[in-house]
There are 2 protein chains.
Amino acid sequence: MSTRRPTIRDVARRAGVSVTTVSHTFSGNGKVAAATQQRVRTAAHDLGYHPDVIAQGLRNNRLGVIALVARQLDALRPDFLYDVDYFSRFAGAAAVAALAEGLGLMLVSDPTGPRAAGAALASDGFIVTEPVVDDPLVAMLTSAGIPFVTVGEVPGRSADGPDTAPHVDIESGRLTALALDHLWDGGARRIALVTGTDRNEWNLRSVAVYERWCAHRRMTPSTVRVPEELDGGGHQAAGRLLDAGAVPDGVYALTSDHALGLVAGFAERGLRVPDDVRVVAGSDAESLRSARPTISSIDLEPEELARRAVEALAARLGGRPPPPVGRPVGHLVVRASSAPADPPGQALGPRP
Amino acid sequence: MSTRRPTIRDVARRAGVSVTTVSHTFSGNGKVAAATQQRVRTAAHDLGYHPDVIAQGLRNNRLGVIALVARQLDALRPDFLYDVDYFSRFAGAAAVAALAEGLGLMLVSDPTGPRAAGAALASDGFIVTEPVVDDPLVAMLTSAGIPFVTVGEVPGRSADGPDTAPHVDIESGRLTALALDHLWDGGARRIALVTGTDRNEWNLRSVAVYERWCAHRRMTPSTVRVPEELDGGGHQAAGRLLDAGAVPDGVYALTSDHALGLVAGFAERGLRVPDDVRVVAGSDAESLRSARPTISSIDLEPEELARRAVEALAARLGGRPPPPVGRPVGHLVVRASSAPADPPGQALGPRP
DNA sequence: CTGAAAGCGCTAACAA
DNA sequence: TTGTTAGCGCTTTCAG
């Protein structure tokens, strides 16, 4: 039954012209008489012809698709996305931005990973969020000459020389300071840090800035490392912090899930938030808004990051110069967990 | 600088074999001596060769990509996704499910629309959420012979005959009854319906079931129609309901955004929720959990719907029989807006 | 077990 | 303005 879909030749034959003419009328490349164009279009319409995008892609070396590598999809439990809020806000905005550039957005797992969908490599370019030290994906893309943009720097690369991969700045340094200063201003004097274990810029730089910040204030740093994808990691962190002896009066937890668990863990142990200990999360999520108490956080503005990443990548693909760097992105959202009173969430720092 | 990426011929030359042999060692199709395979692989590795997925796609007529048509991306305000929660939960789960099938998931806008990314058509199949009456996309896919699966039936099609497009059942009928019965059980006797204007199964069937349900109970139906993408549509609906004279004591609002606005609108007019009027939303969202009061809703379980859609489509693409229909999906989540007391959200109906 | 060669549908020189 | 033709990189008969 399945009668082969019509090709450019079928259209050409039906319109009584050559394939070139058909190709040209659709691409608008050559010059084709209006009358001829009309005939071609009618023929195409009659046949229900649609150009084969894959063939075009092969020819032009350009499919019109960019890939978003969702690191979270590669976790041990593929059905468990950590930092869902960040991811879905990012992906949604990226899709919209891509459409605006006439591009499709493909969600893929790390193509260097085991469960890679081969199709991933069909894309014209990649957006890699949160690259890690010696990221195999970055290495692969670089060596294969595939254009890509990272969100967050590739850690340990800037030191090596000028071969910094193009990236969208997540401002981890500024935001860490913002969170720590906020805790300090609220009166906290023993501030701990709960970080994930992925060796990406967000974790590494936050720790570095935290340690510098502590040294500056003659505070003993207290860092707890918990894997991002560990369910209940926040609880565990709470336990470790309390058992360590020096109970903190302020904690900056880099992921929203861990912040949630942390607050719950503190509550179980009889610590009141924010009265005994103030908490700020390093990534925003709806769940932080519905938590009791509501939890302060850094809103990374994933939508804005996504837009910038797509624009930068599209520019690269189109041979255009990279877009200018915009305003600083990311801001602090103060909620109950870090404020004495309980005002509705209000924003500090630059906003859109 | 940009030295052309190696092709299968380069590998063949370097390994001292023919292209066929290379092709075979990678596809595992023909029989190739182990020693030869080794040579080929080494050569490929040295060259940094990766098969060109697009060329394979052209040859095999199969790219390994499925497209998710996000209707919300086609709204008038492309930066404003309505029903974000539903969409992002669906898209995330679909991506994961697709990966599990070895497929990439592409987020695209309606290819028949004006802002279509041409790349959309490169996909092997489509998932169309919420098709509408006389859906042009469905028509196009059908006539082009492109495999697709809809989420929710194509309205008005089942009547025409047996040409029902394969779809994942969203159970709009059962869920509408679930919501209405719940309002009724809580004591509501003048129940209104707030529906969107898209002519999709969800809206159409909900209205139909609502009217039948009312007739059954000798209740005068009161339906307010507000466009899905209208910001502040809920407020407007509240106004219209109150001005209409017969103030309802229960409302079922089909979208989460409108339910939110509705509750806010009632509050402004001095109506207390749930004491004066109970409200249930037809789609769940985090924002409903953080609203004051928290708002009851139908959780459509987008993750499950997405998994089913991907599996059904993958089966079709692979020529496998469609997966068996599973348990009924979607359940009621009771929150403060429809209950006298304020228990934490608890689920009725089947759960995973 | 390996190789030569014919395309998949389309684009872009180059000719006419 | 239109047509002829040679590939894009790969798979796959069909012969060796």
Side-chain angles (χ1 to χ4, degrees), chain A residues 2-41 43-44 47-65 118-119 121-124 144-146, chain B residues 2-41 43-44 47-65 118-119 121-124 144-146:
Chain A
S2 80
T3 166
R4 172 179 78 50
R5 65 182 272 199
T7 80
I8 201 173
R9 308 175 74 103
D10 299 320
V11 178
R13 189 156 33 232
R14 188 170 226 269
V17 298
S18 81
V19 291
T20 312
T21 309
V22 178
S23 176
H24 281 171
T25 70
F26 280 113
S27 68
N29 266 1
K31 253 100 234 296
V32 180
T36 322
Q37 288 214 20
Q38 205 33 255
R39 256 191 310 148
V40 171
R41 288 189 194 287
L47 260 33
Y49 167 81
H50 290 285
D52 183 323
V53 193
I54 302 182
Q56 286 179 323
L58 175 59
R59 197 55 245 232
N60 304 335
N61 220 1
R62 186 165 193 298
L63 234 200
V65 175
L121 292 175
S123 14
D124 302 335
I146 301 175
Chain B
S2 78
T3 167
R4 172 179 77 49
R5 63 183 273 197
T7 80
I8 200 173
R9 308 176 74 103
D10 299 321
V11 178
R13 189 156 33 230
R14 188 169 225 269
V17 298
S18 82
V19 291
T20 314
T21 308
V22 179
S23 176
H24 281 170
T25 69
F26 281 113
S27 68
N29 266 1
K31 255 99 234 301
V32 180
T36 323
Q37 288 214 20
Q38 205 35 255
R39 255 191 310 146
V40 171
R41 288 191 194 286
L47 260 33
Y49 168 80
H50 290 285
D52 183 325
V53 193
I54 301 182
Q56 286 179 321
L58 175 60
R59 196 58 245 236
N60 302 336
N61 221 1
R62 187 167 192 298
L63 233 199
V65 176
L121 292 174
S123 13
D124 302 336
I146 301 175

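Everything quoted here is computed from the prediction, not taken from an experiment.
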side-chain N/O B/Asn29 vs D/dT12 OP1/OP2, d < 4.0 Å: yes
Touch class at under 4.0 angstrom, heavy-atom based, for A/Tyr49 against every strand present: sugar-phosphate
Out of D/dT2, C/dC10, C/dA5, whichever nucleotide has its closest atom nearest the side chain of A/Thr36: D/dT2
Phosphate contact (D/dT11 OP1 or OP2) by B/Ser27 side-chain N/O below 4.0 Å: no
Atom pair distance, as rounded to whole Å: CD1 in A/Ile8 and C1' in D/dT4: 14 Å
Selected nucleotide, minimal atom distance to A/Leu58 side chain, candidates C/dC1, C/dG9, D/dG3: C/dG9
Nearest-nucleotide pick for A/Lys31, side chain only, options being D/dT1, D/dT2, C/dG3: D/dT1
Side-chain N or O of A/Thr21 closer than 4.0 Å to phosphate OP1/OP2 of D/dT1: no
N/O (side chain, B/Ser23) to phosphate O (OP1/OP2, D/dT11) under 4.0 Å: yes
Quiz item: A/Arg59 side-chain donor-acceptor pair to D/dG7 base, under 3.5 Å: yes
Cation over ring face, B/Arg14 and B/Tyr49, 6.0 Å, 45°: no
Selected nucleotide, minimal atom distance to A/Val19 side chain, candidates D/dG3, D/dT5, D/dT1: D/dT5
Which residue lies more 5' along DNA chain C, comparing B/Ala55 with B/Gly16 via nearest heavy atoms: B/Gly16
A/Gln56 vs C/dG9: side-chain N/O to OP1/OP2 distance below 4.0 Å: no
Pair of N/O donor and acceptor under 3.5 Å linking C/dT11 base with A/Thr20 side chain: no
Residue-phosphate contact under 4.0 Å: A/Thr7 side-chain N/O, C/dG9 OP1/OP2: no
